[in-house]
Amino acid sequence: MPAWIDTHCHLDAAEFAPDVDAVRAAARAAGVQHLVIPGVELAHCDAVQALAQRHGDSYALGIHPLYTGCAGDSDVAALAQFLERVRHDPHLVAVGEIGLDYFVPGLDAARQEQFYRAQLQLARRFDLPVILHVRRSADRLLKGLRELPVPGGIAHAFNGSLQQARAFIALGFKLGFGGALTFERALQLRRLATELPPEALVLETDAPDMPPHWIYRTAFERAAGTPQGRNSPAELPRIAQVLADVRGVTLAALAEQTSANALQALPRLHGRVNISQKCL
Ligand SMILES: [Zn+2]
């Protein structure tokens, strides 16, 4: 069975609170050997660190663009203090999840930008890569990265153009692919996933969000009483199978390549994730 790295899983989300250890165990049983757990707000820092340490996984710390509205003005300074305290923790691998979201209405664009840039500065100060939330914001994010270069990272749930993808790659980034790819109508995303070089790809579930098509329930189904399914890190191998199929590669080759890519994007994974071991 191939060994996988889920490079983006919100294991600290409230949806997992009742059975988080069982969720992690199920992922491990499915071959997901390592998770990267990104934080989304200051109040989550302790929880993501504790979860990563308890399960032998990794974490990132950051203020997500969708949380900038409720974040306090002193939160970036407090995040800097937290990073200072944990900077030698081997489980810490990045600053994230940070970025810009121009899709969700009602967000203050200037405030998002302010938090994004301040957290790029933190990544520079602590010499950490970043995990980026990219939603209709690729060009603006790229502008920030050119002005405040960081040691690479991952553009998570990437859904931009090939040209934008190449610009991220040129800045040392990998592109995260997950559940969105599993929808047959996602033609543009599937084309992008075949056009990119193999060394640019990493896999993620973004669980409990972004359910793959076999978990997703339409608005009609939900209205009829079937609740939306909960995505989980155990879905990663099945999502990977979709990517392997569209690219015409074996699952084992994809596992090895994407794990190597994850280690390149997040160098602090080195020594804690064994990718030479093709099978568990
Ligand atoms: Zn996320």
Novice: Does the pair Ile98 and Leu120 meet the rule for a side-chain contact (heavy atoms from CB on, under 4.5 Å), with working shown?
Specialist: CA-CA 9 Å; Ile98 67 171; Leu120 288 181; 4.0 Å; yes

Novice: In sequence, state the C-alpha distance, the side-chain angles, and the governing distance for Ser58 and Leu269, and then conclude on side-chain contact (heavy atoms from CB on, under 4.5 Å).
Specialist: CA-CA 8 Å; Ser58 297; Leu269 290 176; 3.3 Å; yes

Novice: Of the non-hydrogen atoms in Asp6 and Cys9, which two are nearest, and what is the gap between them?
Specialist: OD2-CB, 3.5 Å

Novice: Check the pair Phe173, Leu145 against side-chain contact (heavy atoms from CB on, under 4.5 Å), reporting the backbone distance first and the verdict last.
Specialist: CA-CA 11 Å; Phe173 279 75; Leu145 292 171; 3.7 Å; yes

Novice: After noting the C-alpha distance and the side-chain angles of Thr205 and Asn231, does the key distance pass the side-chain hydrogen bond (donor to acceptor under 3.5 Å, both in side chains) rule?
Specialist: CA-CA 7 Å; Thr205 60; Asn231 190 14; 4.7 Å; no

Novice: Of all heavy-atom pairs between Pro211 and Gly229, which one has the smallest distance, and what is that distance?
Specialist: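 What the structure gives for the nearest pair is CB-O, 4.5 Å.
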
Novice: Which residue in the set Val93, Leu51, Val273, Leu35 passes side-chain contact (heavy atoms from CB on, under 4.5 Å) when paired with Asp57?
Specialist: Leu35

Novice: Under the side chain to side chain donor-acceptor pair (under 3.5 Å) definition, can you give me all pairs with a residue in residues 88-98, not counting sequence neighbours?
Specialist: His8-Glu97, His10-Glu97, Gln49-Asp89, Gln53-Asp89, Tyr59-Asp89, His64-Glu97, His91-Arg272, Glu97-His133, Glu97-His156

Novice: Please confirm whether the backbone N or O of Gln164 pairs with a side-chain atom of Ser161, one donor and one acceptor, at under 3.5 Å?
Specialist: yes

Novice: Within the 4.5 Å heavy-atom criterion, are Val36 and Ile131 side-chain neighbours or not?
Specialist: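 Counting from C-beta outward, Val36 and Ile131 do come under 4.5 Å.
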
Novice: Any non-hydrogen side-chain atom of Leu83 less than 4.5 Å from a side-chain atom of Leu79?
Specialist: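 Touching, per the 4.5 Å side-chain cut-off.
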
Novice: If only atom types and distance count, is the side chain of Ser137 paired as donor or acceptor with the main-chain N or O of Val134 below 3.5 Å?
Specialist: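 Answer holds: no.
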
Novice: Count the heavy atoms belonging to other residues, nucleotides or ligands that lie under 6.0 Å from CZ of Arg111, then report whether that count exceeds 12.
Specialist: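 Above 12, so yes.
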
Novice: Please tell me if the side chains of Tyr116 and Thr68 come closer than 4.5 Å, counting only heavy atoms from C-beta onward.
Specialist: no

Novice: Taking Arg140 for its side chain and Leu100 for its backbone only, find out whether a donor-acceptor pair lies under 3.5 Å.
Specialist: no

Novice: Do the side chains of Arg124 and Pro149 get nearer than 4.5 Å, heavy atoms only?
Specialist: yes

Novice: Mind listing the closest non-hydrogen atom pair of Trp4 and Leu254 along with its distance?
Specialist: CZ3-C, 4.1 Å

Novice: Looking at Gly39 and Val48, what are the two nearest heavy atoms and their distance?
Specialist: CA-CG1, 4.1 Å

Novice: Which heavy atom in Ala234 sits nearest to a heavy atom in Pro237, and how many Å separate them?
Specialist: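 Closest approach of Ala234 to Pro237: O-CD, 3.3 Å.
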
Novice: Looking at Val202, is its backbone amide N or carbonyl O close enough to the side chain of Asn261 to form a donor-acceptor pair, meaning the two atoms are under 3.5 Å apart?
Specialist: no

Novice: May I ask you to check whether Phe158 and Phe177 place their ring centers less than 6.0 Å from one another?
Specialist: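 No.
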
Novice: To the nearest 0.5 Å, what is the distance between CD (Gln163) and CG (Asp139)?
Specialist: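 Answer rounded to 0.5 Å: 7.5 Å.
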
Novice: Check this for me: does any side-chain nitrogen of one of Arg191 and Glu195 sit under 4.0 Å from a carboxylate oxygen of the other?
Specialist: no

Novice: To the nearest 0.5 angstrom, please state how far the CG atom of Asp75 sits from the CZ atom of Phe82.
Specialist: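 Going from CG on Asp75 over to CZ on Phe82, the span is 12.5 Å.
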
Novice: Whether the side chain of Lys174 engages the backbone of Glu199 through a donor-acceptor N/O pair (distance < 3.5 Å, no angle test) should be reported.
Specialist: yes

Novice: Should Ile215 and Met210 be counted in the same cluster of Ile, Leu, Val, Met, Phe, Trp and Tyr side chains packed under 4.5 Å apart?
Specialist: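 No, Ile215 and Met210 fall in different hydrophobic clusters.
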
Novice: Quick check: do Val76 and Phe115 have side-chain heavy atoms less than 4.5 Å from each other?
Specialist: yes

Novice: Table please: side-chain donor-acceptor pairs of residues 183-190 below 3.5 Å, with sequence neighbours left out.
Specialist:
residue: Arg190; atom: NE; partner: Leu181; partner atom: O; Å: 2.9
residue: Arg190; atom: NH2; partner: Leu181; partner atom: O; Å: 3.2
residue: Arg190; atom: NH2; partner: Thr182; partner atom: O; Å: 3.3

Novice: Rounded to the nearest 0.5 Å, what separation is found between the CZ atom of Arg166 and the CG atom of Leu142?
Specialist: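 If I round to the nearest 0.5 Å, the distance is 14.0 Å.
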
Novice: Give a yes or no on whether the backbone of Ala253 and the side-chain of Gln257 come within a donor-acceptor separation of less than 3.5 Å.
Specialist: no

Novice: Strictly distance-based, threshold 3.5 Å: is any side-chain N or O of Glu235 a donor or acceptor partner for the main-chain N or O of Pro212?
Specialist: no

Novice: Do Asp108 and Gln112 have a side chain donor and acceptor closer than 3.5 Å?
Specialist: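 Looking only at side-chain atoms, Gln112 and Asp108 do not form any donor-acceptor pair under 3.5 Å.
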
Novice: Rounded to the nearest 0.5 Å, how far does CG of Leu148 lie from CG of Leu122?
Specialist: 11.0 Å

Novice: Tell me the closest heavy-atom pair linking Leu192 and Gly160, and the distance in Å.
Specialist: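 Here Leu192 and Gly160 meet closest at CD2-O, 3.7 Å.
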
Novice: What residues form a salt bridge (Lys or Arg N to Asp or Glu O under 4.0 Å) with Arg268, not counting sequence neighbours?
Specialist: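 Result, salt bridge (Lys or Arg N to Asp or Glu O under 4.0 Å) vs Arg268: none returned.
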
Novice: Decide yes or no for Leu203 and Thr7: does some side-chain heavy atom of the first lie under 4.5 Å from some side-chain heavy atom of the second?
Specialist: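 The answer is no, as the side chains (C-beta and beyond) never meet within the 4.5 Å cut-off.
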
Novice: Does Asp19 pair with Arg230 as a salt bridge, N-O distance under 4.0 Å?
Specialist: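 Counted as a salt bridge, because a side-chain N and a carboxylate O are separated by less than 4.0 Å.
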
Novice: Given 3.5 Å as the limit, does a donor-acceptor pair link the side chain of Arg24 with the main chain of His55, or not?
Specialist: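 No, the answer is negative, given that no donor and acceptor are paired below the 3.5 Å cut-off.
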
Novice: Side chains of Pro129 and Val150: closer than 4.5 Å at any heavy-atom pair?
Specialist: no

Novice: Can you tell me how far apart CG (Leu141) and CG (Leu171) are? Round to the nearest 0.5 Å.
Specialist: 11.0 Å

Novice: Quick one: do Val86 and Leu42 end up in the same hydrophobic cluster if we chain Ile, Leu, Val, Met, Phe, Trp and Tyr together by side-chain heavy atoms under 4.5 Å apart?
Specialist: yes

Novice: What distance separates Ile154 CD1 from Leu175 CG, expressed to the nearest 0.5 Å?
Specialist: 9.5 Å

Novice: For the backbone of Glu221 and the side chain of Thr218, can you confirm whether one donor and one acceptor N or O come within less than 3.5 Å of each other?
Specialist: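 Between the backbone of Glu221 and the side chain of Thr218 there is a qualifying donor-acceptor contact (under 3.5 Å).
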
Novice: Taking the side chain as every heavy atom from C-beta outward, state whether Phe16 and Pro208 have any pair of such atoms under 4.5 Å apart.
Specialist: yes

Novice: A quick test of your reading: do over 12 heavy atoms of other residues, nucleotides or ligands sit less than 6.0 Å from CD of Glu147?
Specialist: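 Check passes, neighbour count above 12.
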
Novice: Walk me through whether Asp21 and Arg54 qualify under side-chain contact (heavy atoms from CB on, under 4.5 Å).
Specialist: CA-CA 9 Å; Asp21 290 343; Arg54 185 159 94 231; 2.8 Å; yes

Novice: If only atom types and distance count, is the side chain of Thr226 paired as donor or acceptor with the main-chain N or O of Arg222 below 3.5 Å?
Specialist: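 Side chain of Thr226 to backbone of Arg222: no pair is present.
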
Novice: Under a 4.5 Å side-chain heavy-atom rule over Ile, Leu, Val, Met, Phe, Trp and Tyr, are Leu236 and Tyr216 clustered together?
Specialist: no

